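Data block below; observations after.
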Amino acid sequence: MLFGIVVFPGSNCDRDCQVAIESVLKEKTVFIWHQEKTLPSVDLLILPGGFSYGDYLRTGAIASHSPIMKAVIAYANAGGKVLGICNGFQILTESGLLPGALLRNRKLKFICKNVSIRVDNRDTFLTSSIKDREVLTLPIAHAEGNYYVEPAVLSTMKRKNQIVFSYCDANGVVADDANPNGSIDSIAGICNEAGNVLGMMPHPERVTDPLLGVTDGVRLFQSLQSIKDKVI
């Protein structure tokens with residue numbers, strides 16, 4: 001298997017994703033620079049976290065117009081699997097591959113801490129090894145993680161099981177005081193209708209080493225082992 005990691009100016013979790021894939025899955029990775037216009041034959045693309053283009057204009061807005069994104073969009077539309085983490089999630093919404101937008105956190109402050117998230121859809125390429133409604137501990141690090149989508153679109157997303165992760169307390173209860181950024185319905189991650197594009201604000205790649213005290217990211221990356229056939 002080969003995992004592609006798209007690198008934008010300002011990406012800072014590209015190396016973390018590489019280490020997570022190579023240490024957990026023992027699979028190969030390739031970095032893809034934002035100025036490239038074609039993709040290598042990969043099993044999955046990762047848009048990593050960071051501050052692409054310094055977060056100027058809007059987070060992910062400039063990156064969504066990078067030369068590589070035409071190939072990423074074509075890859076996704078052809079059924080290729082794409083995972084966007086934090087800034088990668090923001091880029092996916094800005095490029096139209098996922099619905100909604102990531103706004104400023106409700107307290108207008110950068111947040112960096114571990115949070116609890118509940119798996120609300122285990123029928124995805126990132127959650128197939130997780131039990132339904134299981135609670136994971138993952139770190140967040142963002143100033144624009146407040147997910148918003150119009151109520152009518154949200155209703156459709158719920159009906160089509162596109163809500164993948166929700167912020168919750170340690171017992172799996174979704175409550176406002178467990179919502180770190182004000183996201184509508186405490187949403188922490190979503191997928192598109194087809195299920196091949198997934199975006200999430202928490203960072204699973206940062207918690208795959210026991211030295212960090214939390215290894216729940218390992219469980220998510222292990223789900224990627226179910227990906228066998230190359231789409232592109």
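Just so it is clear, the model here is predicted, and its values are computed rather than measured.
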What closest approach, in Å, do P202 and A188 show between heavy atoms, and which atom pair accounts for it?
CD-O, 3.5 Å
Can you name the nearest heavy-atom pair linking S226 to S223, along with the distance?
OG-O, 2.8 Å
Cluster question for you: counting only ILVMFWY and a side-chain heavy-atom cut-off of under 4.5 Å, with indirect links fine, are L103 and M157 together?
yes
Rounded to the nearest 0.5 Å, how far does CD of Q222 lie from OG of S128?
10.0 Å
Regarding S95 and S64, is there a side-chain donor-to-acceptor distance under 3.5 Å anywhere?
no
Among L39, L2, I5, exactly one meets side-chain contact (heavy atoms from CB on, under 4.5 Å) together with V30. Which residue is that?
L2
Compute whether any side-chain donor of one residue and acceptor of the other, for Q35 and S66, lie under 3.5 angstrom apart.
no
Return the minimal non-hydrogen interatomic distance between N192 and L97, and the atom names on each side.
CB-O, 3.9 Å
Working note: T215 + D209, criterion side-chain contact (heavy atoms from CB on, under 4.5 Å); need CA distance, chi angles, decisive distance, verdict.
CA-CA 6 Å; T215 58; D209 192 318; over 6 Å; no
Mind checking what makes salt bridge (Lys or Arg N to Asp or Glu O under 4.0 Å) contact with K28, not counting sequence neighbours?
none
Using a 4.5 Å cut-off on heavy atoms from C-beta on, say whether the side chain of V119 contacts that of L136.
yes
Hey, mind stepping through F3 and V42 against side-chain contact (heavy atoms from CB on, under 4.5 Å) and telling me if it holds?
CA-CA 6 Å; F3 292 82; V42 296; over 6 Å; no
Taking atom types as modelled, is there a side-chain donor on D120 or S166 under 3.5 Å from an acceptor on the other?
yes
Could you give me the CA-CA distance, side-chain angles and deciding distance for E134 and R219, then say whether salt bridge (charged side-chain N to carboxylate O under 4.0 Å, His left out) is met?
CA-CA 11 Å; E134 186 170 349; R219 311 255 333 274; 2.6 Å; yes
Between atom CD1 of I130 and atom CZ of R118, what is the distance when rounded to the nearest 0.5 Å?
14.5 Å
Less than 4.5 Å apart, side chain to side chain, heavy atoms only: is that true for T127 and L220?
yes
Measuring only between side-chain heavy atoms, which start at C-beta, is L126 closer than 4.5 Å to L83?
yes
Using 0.5 Å steps for rounding, measure from the CG atom of N87 to the CG atom of D14.
11.0 Å
Is the shortest heavy-atom distance from the side chain of I187 to the side chain of M201 under 4.5 Å?
no
Any sub-3.5 Å donor-acceptor pair from S155's side-chain atoms to A152's backbone N or O?
no
Would you give the length of the straight line joining atom OG1 of T156 to atom CD of E150, rounded to the nearest 0.5 angstrom?
11.0 Å
Is the backbone of V173 close enough, under 3.5 Å, to the side chain of N171 for a donor and an acceptor to pair up by distance?
no
Taking the side chain as C-beta and beyond, is there a heavy-atom pair between I117 and V135 under 4.5 Å?
no
For C191, is there any backbone N or O sitting under 3.5 Å from a side-chain donor or acceptor partner on Q162?
yes
If you take all heavy atoms of C17 and I46, which pair is closest and at what distance?
SG-CG2, 3.9 Å
Within a strict 4.5 Å, meaning less than it, do heavy atoms of the L45 and V6 side chains meet?
yes
Is the side chain of D216 donor-acceptor paired with the backbone N or O of T137 at a distance under 3.5 Å, no angle test?
yes
Between E205 and F221, does a side-chain contact (heavy atoms from CB on, under 4.5 Å) hold up when you go through it step by step?
CA-CA 8 Å; E205 79 282 4; F221 280 107; 3.8 Å; yes
Determine, for D176 against R106, whether the closest basic-nitrogen to carboxylate-oxygen distance falls under 4.0 angstrom.
yes
When every non-hydrogen atom of N146 is compared with those of I184, the smallest separation belongs to OD1-N, 4.3 Å
Give the cluster check for L102 versus I111: same hydrophobic cluster or not, with ILVMFWY residues linked at side-chain heavy-atom distances below 4.5 Å.
yes
Using modelled atom types only, decide if a donor and an acceptor are shared between the side chain of N181 and the backbone of S183 within a distance under 3.5 Å.
yes
Is there a donor-acceptor pair under 3.5 Å between the side chain of T59 and the backbone N or O of D55?
no
How far does NZ of K26 sit from CD of Q225, to the nearest 0.5 angstrom?
11.0 Å
4.5 Å side-chain heavy-atom contact, P9 and H34:
yes
Determine the minimum heavy-atom distance between S116 and D169, stating which atoms define it.
CB-O, 3.7 Å
Can you label the angle between the Y53 ring and the F8 ring as parallel, tilted or perpendicular, going by 30° and 60°?
tilted
Establish whether Y56 and I91 are linked, either directly or via other cluster members, by ILVMFWY side-chain heavy-atom contacts under 4.5 Å.
yes
Distance (rounded to the nearest 0.5 Å) between I140 CD1 and N105 CG:
7.0 Å
Hey, could you give me each pair passing salt bridge (charged side-chain N to carboxylate O under 4.0 Å, His left out) that has a residue in residues 154-165? Not counting sequence neighbours.
K158-D185, K160-E193
For the pair R58 and E144, find out whether any cationic side-chain nitrogen is under 4.0 Å from an anionic carboxylate oxygen.
no
Would you say the side chain of L44 lies within less than 4.5 Å of the side chain of L224, judging by non-hydrogen atoms?
yes
Go through the steps for I190 and L198 under the test side-chain contact (heavy atoms from CB on, under 4.5 Å), then give the verdict.
CA-CA 6 Å; I190 64 171; L198 190 153; over 6 Å; no
Quick one: ring-ring contact (aromatic ring centres under 6.0 Å, His included) pairs with a partner in residues 104-142, sequence neighbours left out?
none
ILVMFWY cluster, V174 and Y148 together (side-chain gap under 4.5 Å):
no
In this structure, would F51 and W33 fall into the same cluster of hydrophobic residues linked by side-chain contacts under 4.5 Å?
no
